[in-house]
Amino acid sequence: MPTFSRIASPRERILHAAHDLFYRDGIRATGIDRVIARSGVAKVTFYRQFASKDDLVLAFLDLRHERWMAWFVDALARHGGTPAAIAPALAEWLSCAGYRGCAFLNSVGELGPALPEVLAATRRHKLDMTAALTRLIKPGAGRARIARALALAIDGAIVQAQFLESPAAALDALATVTKALVRRPA
């Protein structure tokens, strides 16, 4: 359990507690009382910061997007900044002890059309992920189409890694798909 700094604002403490709980346990399984207890704020303080659980969910997705995209772009660069970097970058995340899939796909699965803003946040996240992938691909005809296909392959690997004994098979398949998609005729 993280310890929150005394200088962190109540909003930050609530948001970081919700981030950890929502990702680990799921949104529906995490009640506001658990978030309040984990963040160490009073109920009235919680509601001064977030009018509802829906508002907190959307703030969680914004934070998750910011953190995940920063990590993803950095990981792609650390692994060479080419399409070949995709599988090794994802291996870092898929192999983490706390891995529980894509927070956005999980949120859509839990909330779906009941909270349309979740669908919009997920679209934005996936578009930004696809844009990062586009930057890895040499300019040319089909670049955007290839990036969209790579994004789809990544989402498939993310889902498979949740139920396979090891993420290795999903990562191997992702590497194979990546090579096939970016292969250019001489």
Side-chain angles (χ1 to χ4, degrees), residues 1-79 86 89-135 151-152 154-163 167:
M1 178 185 286
T3 24
F4 298 104
S5 165
R6 293 198 185 276
I7 56 174
S9 73
R11 182 177 179 83
E12 290 171 326
R13 292 196 324 261
I14 294 164
L15 186 53
H16 286 86
H19 179 278
D20 295 347
L21 291 168
F22 287 167
Y23 184 70
R24 186 187 72 206
D25 300 332
I27 293 169
R28 289 191 186 266
T30 303
I32 293 302
D33 289 339
R34 282 183 64 208
V35 174
I36 289 169
R38 178 82 176 262
S39 62
V41 300
K43 191 173 268 195
V44 70
T45 302
F46 173 86
Y47 285 107
R48 282 187 187 137
Q49 302 301 317
F50 298 96
S52 67
K53 184 176 180 181
D54 289 352
D55 289 341
L56 180 59
V57 168
L58 298 175
F60 152 69
L61 290 175
D62 285 343
L63 177 62
R64 185 68 184 190
H65 174 73
E66 180 183 303
R67 284 181 172 183
W68 195 89
M69 285 304 303
W71 165 80
F72 186 58
V73 169
D74 180 65
L76 291 171
R78 280 187 282 107
H79 289 282
I86 296 169
L90 264 282
E92 292 179 12
W93 179 43
L94 302 184
S95 302
C96 288
Y99 175 74
R100 199 179 157 305
C102 173
F104 294 88
L105 297 178
N106 294 345
S107 296
V108 167
E110 284 193 67
L111 302 173
L115 187 57
E117 296 90 345
V118 168
L119 298 173
T122 300
R123 281 186 204 101
R124 179 179 63 108
H125 175 73
K126 297 303 180 179
L127 286 172
D128 286 355
M129 181 181 80
T130 303
L133 296 169
T134 301
R135 293 188 292 272
L152 180 65
I154 288 171
D155 283 342
I158 289 168
V159 171
Q160 280 200 347
Q162 287 181 270
F163 63 82

Quick one: are Y47 and D55 in side-chain contact, heavy atoms under 4.5 Å?
no

How long is the gap from CZ on R34 to CG on D25, to the nearest 0.5 Å?
4.5 Å

Would the distance check show the side chain of K53 and the main-chain N or O of T30 forming a donor-acceptor pair, the cut-off being under 3.5 Å?
yes

If you measure from CG on L58 to CG on L63, what distance do you get to the nearest 0.5 Å?
12.5 Å

Looking only at heavy atoms, what is the nearest atom pair of I86 and I154, with distance?
CG2-CD1, 3.7 Å

Check: F60 and I27 side chains under 4.5 Å, non-hydrogen atoms
yes

Would you call the rings of H125 and W68 parallel, tilted or perpendicular, taking 30° and 60° as the class edges?
perpendicular

With distance as the sole test, does R13 use its side chain to make a donor-acceptor pair with the main-chain N or O of A8 at under 3.5 Å?
yes

Using side-chain contact (heavy atoms from CB on, under 4.5 Å) as the criterion, list what pairs up with A42, not counting sequence neighbours.
V44, T45

Dump the intermediate steps for side-chain contact (heavy atoms from CB on, under 4.5 Å) on M129 and D155, then the final yes or no.
CA-CA 10 Å; M129 181 181 80; D155 283 342; 4.0 Å; yes

Return the CG to NZ distance between L133 and K126, rounded to the nearest 0.5 Å.
10.0 Å

Hey, could you give me the CD1/OG distance between I32 and S39, rounded to the nearest 0.5 Å?
9.5 Å

Taking side chain as C-beta onward, heavy atoms only, is W71 less than 4.5 Å from E92?
yes

Look up atom CZ in R124 and atom CG in L119, then write down how far apart they are to the nearest 0.5 Å.
13.5 Å

Do V41 and Q49 have side chains that get closer than 4.5 Å, going by heavy atoms?
no

Looking at CG of N106 and CD of Q162, how far apart are the two atoms once the value is rounded to the nearest 0.5 Å?
5.5 Å

Minimum side-chain heavy-atom gap L56-F46 below 4.5 Å
yes

Just so I know, are the side chains of E110 and V118 near enough to count as touching, which here means a heavy-atom distance under 4.5 Å?
no

Please report the closest heavy-atom contact between A157 and L94, naming both atoms and the distance.
O-CD1, 4.3 Å

Would you list the atom pairs, donor with acceptor, under 3.5 Å between side chains in residues 95-103 and any protein atom, with sequence neighbours excluded?
unit_1	atom_1	unit_2	atom_2	d
S95	OG	A91	O	2.8
Y99	OH	I158	O	2.6
R100	NE	Y23	O	3.3
R100	NE	R24	O	2.9

